[in-house]
2 protein chains.
Amino acid sequence: MQNPPSDYDAKRVAHWREVLRANGYRITPTREAVLRALSAGNYALEATEIFERARRFAPHLGLVTVYRTLDAMLSLGLVERVHCTGQCSLYVAAEEGHHHILVCRKCRRVWHFSGDDLTNLMNDVANESGFVIEDHWLQLVGLCPECRDS
Amino acid sequence: MQNPPSDYDAKRVAHWREVLRANGYRITPTREAVLRALSAGNYALEATEIFERARRFAPHLGLVTVYRTLDAMLSLGLVERVHCTGQCSLYVAAEEGHHHILVCRKCRRVWHFSGDDLTNLMNDVANESGFVIEDHWLQLVGLCPECRDS
DNA sequence: CCGTAACTGAAAATCATTTTCATTTAGCCC
DNA sequence: GGGCTAAATGAAAATGATTTTCAGTTACGG
Ligand SMILES: [Mn+2]
Ligand SMILES: [Mn+2]
Ligand SMILES: [Zn+2]
Ligand SMILES: [Zn+2]
């Protein structure tokens, strides 16, 4: 009758499972452990942190599988890379649709936002430079509500 | 009477030399070779590429010195890091003042621009999220005039 | 069930960056 | 134009993250 408290987002994991399967990937216990580890999605994590978390669900998991699953998920747009001053190998669950990220520089909590409109800027820069602009990459950095107090 | 064609920006090198000196760094032939290698400033370069270029000016140069000089220049804001999809360890000469970068994804040519105004967006996101936003990273990616044709 | 291509973890290989250390040198003071 | 000394140097070793290899295992369509 009681639901055990879950430290992962079952709904999101189910969705990811479908996307992976639909793209020819097999659903294995180890792979699912990585999905669960990432599904909370509120923090930018290093590969080793994902590894540690995922091991709770699949103790014999190897770090290699984390990297391989991340590759698959990156190519399907299910996770995205988070860039930082020093280290640029952080990962976080991606939201659907066009959006960008605001990261807490202290605890790496992630806030997703959309609604940026850079078309004017990009047109100006394209005209001035002669480049064809294909993509824009925007990330905000700051302190989350909890970290700014302490 | 003739000036040899120089593959570096002597003026910029002179300026960097002054900034380094003013901050307690010594001017050595190897360090200056790295300055020259970076001074053209139109391309985002990997450490090893800087190394190769700098070796033309100081053949016995070690790669370690490239890293050490890059650290010094980064901390003084003379070069900046360029982030890419795969590799985030590219460097390019920084312009003065607030600006951002447009990079050619094929040849890594860099165009510097300014004039972005994200204050409205940042205020909205700050209010919604509760974060204090301290910094914004913006980078455009595309194809330079030459690469878009070929 | 079966067959097979996909997936797995351990170990080794690779690659970028940092540390160590003995030697050299830039820049300051006579 | 010498010295002096802390800063800088390069070779080599250490580190750390990621990738490759490979022999065994497994998901899943038929
Ligand atoms: Mn956008
Ligand atoms: Mn800006
Ligand atoms: Zn925080
Ligand atoms: Zn180009």
Side-chain angles (χ1 to χ4, degrees), chain A residues 13-14 16-37 44-76 79 81-91, chain B residues 13-14 16-37 44-76 78-79 81-91 108:
Chain A
V13 170
W16 284 346
R17 221 190 281 123
E18 282 321 299
V19 176
L20 284 169
R21 196 200 305 279
N23 284 83
Y25 292 98
R26 293 181 178 174
I27 307 305
T28 66
T30 49
R31 206 161 255 177
E32 184 149 340
V34 177
L35 300 192
R36 289 187 191 184
L45 301 172
E46 298 176 20
T48 51
E49 291 170 328
I50 297 166
F51 178 56
E52 283 162 22
R53 287 180 179 225
R55 270 203 152 164
R56 292 191 218 136
F57 308 112
H60 63 96
L61 174 73
L63 180 56
V64 207
T65 295
V66 174
Y67 281 109
R68 288 194 274 229
T69 306
L70 281 173
D71 280 348
M73 296 180 78
L74 281 170
S75 75
L76 296 173
V79 295
R81 209 179 280 276
V82 178
H83 298 260
C84 286
T85 320
Q87 169 125 12
C88 288
S89 306
L90 301 176
Y91 304 88
Chain B
V13 170
W16 284 346
R17 218 189 284 123
E18 282 322 300
V19 176
L20 284 168
R21 197 199 305 276
N23 284 82
Y25 293 98
R26 294 180 180 176
I27 307 305
T28 65
T30 48
R31 205 160 255 178
E32 184 149 339
V34 177
L35 301 192
R36 289 188 191 185
L45 300 172
E46 297 175 22
T48 51
E49 291 171 327
I50 297 165
F51 178 55
E52 284 161 23
R53 288 182 178 223
R55 269 204 154 163
R56 293 191 217 135
F57 308 112
H60 64 96
L61 173 72
L63 179 56
V64 207
T65 295
V66 173
Y67 281 109
R68 287 194 276 231
T69 306
L70 281 173
D71 280 348
M73 295 180 77
L74 281 170
S75 74
L76 296 173
L78 303 181
V79 294
R81 210 178 278 275
V82 179
H83 298 260
C84 286
T85 318
Q87 169 124 19
C88 288
S89 306
L90 302 176
Y91 303 88
R108 298 200 305 228

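Chain naming here is simple, since letters A, B, ... match the order of the sequence lines and numbering starts at 1 in each.
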Show the distances under 3.5 angstrom between N or O atoms of the protein and N or O atoms of nucleotides 23-27 of chain D.
unit_1: D/dA27; atom_1: N3; unit_2: A/Arg26; atom_2: NH1; d: 3.1

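- Under the salt bridge (charged side-chain N to carboxylate O under 4.0 Å, His left out) criterion, A/Arg21 pairs with A/Glu18, not counting sequence neighbours.
- When the side chain to side chain contact (heavy atoms under 4.5 Å, CB included) test is applied to A/Val19, the partners found at least two apart in sequence or on another chain are A/His15, A/Asn23, A/Leu76, A/Leu78.
- Distance B/Tyr25 OH to C/dT25 C1': 18 Å, rounded to the nearest Å.
- In this view, B/Glu49 and B/Arg108 satisfy the salt bridge (charged side-chain N to carboxylate O under 4.0 Å, His left out) rule, not counting sequence neighbours.
- Evaluation of the salt bridge (charged side-chain N to carboxylate O under 4.0 Å, His left out) test over residues 23-34 of chain B, restricted to residues two or more places apart or in two chains, returns B/Arg17-B/Glu32, B/Glu32-B/Arg36.
- The interatomic distance linking B/Arg31 (CZ) with C/dT25 (P) rounds to 15 Å, in whole Å.
- Residues B/Leu70 and B/Val66 meet the side-chain proximity criterion, which asks for heavy atoms closer than 4.5 Å.
- Applying the side chain to side chain contact (heavy atoms under 4.5 Å, CB included) test to A/Ala33 and every residue at least two apart in sequence or in another chain returns A/Ala54, A/Phe57, A/Ala58.
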Which protein N or O atoms sit under 3.5 Å from an N or O of nucleotides 18-22 of chain C?
none

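- Distance check, rounded to the nearest 0.5 Å: CG of B/Leu35 to CE of B/Met73 gives 5.0 Å.
- Following rounding to the nearest Å, A/Leu74 (CG) and D/dT18 (P) show an atom-to-atom distance of 12 Å.
- With sequence neighbours excluded, no residue forms a side-chain hydrogen bond (donor to acceptor under 3.5 Å, both in side chains) with B/Ser89.
- Taking B/Tyr67 as the reference, B/Ala47, B/Leu63 meet the side chain to side chain contact (heavy atoms under 4.5 Å, CB included) condition, with sequence neighbours excluded.
- Listed by residue number, there are no residues of residues 46-57 of chain B with a heavy-atom contact under 4.0 Å to DNA chain D.
- For A/Arg56, the salt bridge (charged side-chain N to carboxylate O under 4.0 Å, His left out) test picks out A/Asp7, with sequence neighbours left out.
- Take A/His83 and apply the side-chain hydrogen bond (donor to acceptor under 3.5 Å, both in side chains) test, not counting sequence neighbours, and it matches A/Trp137, B/His83.
- For the pair A/Leu45 CG and D/dA17 P, the interatomic distance rounds to 15 Å; values are reported in whole Å.
- Taking atom CD of residue B/Glu18 and atom P of nucleotide C/dA26, one finds them 17 Å apart after rounding to whole Å.
- Distance CG (B/Leu70) to C1' (C/dT17): 12 Å, rounded to an integer number of Å.
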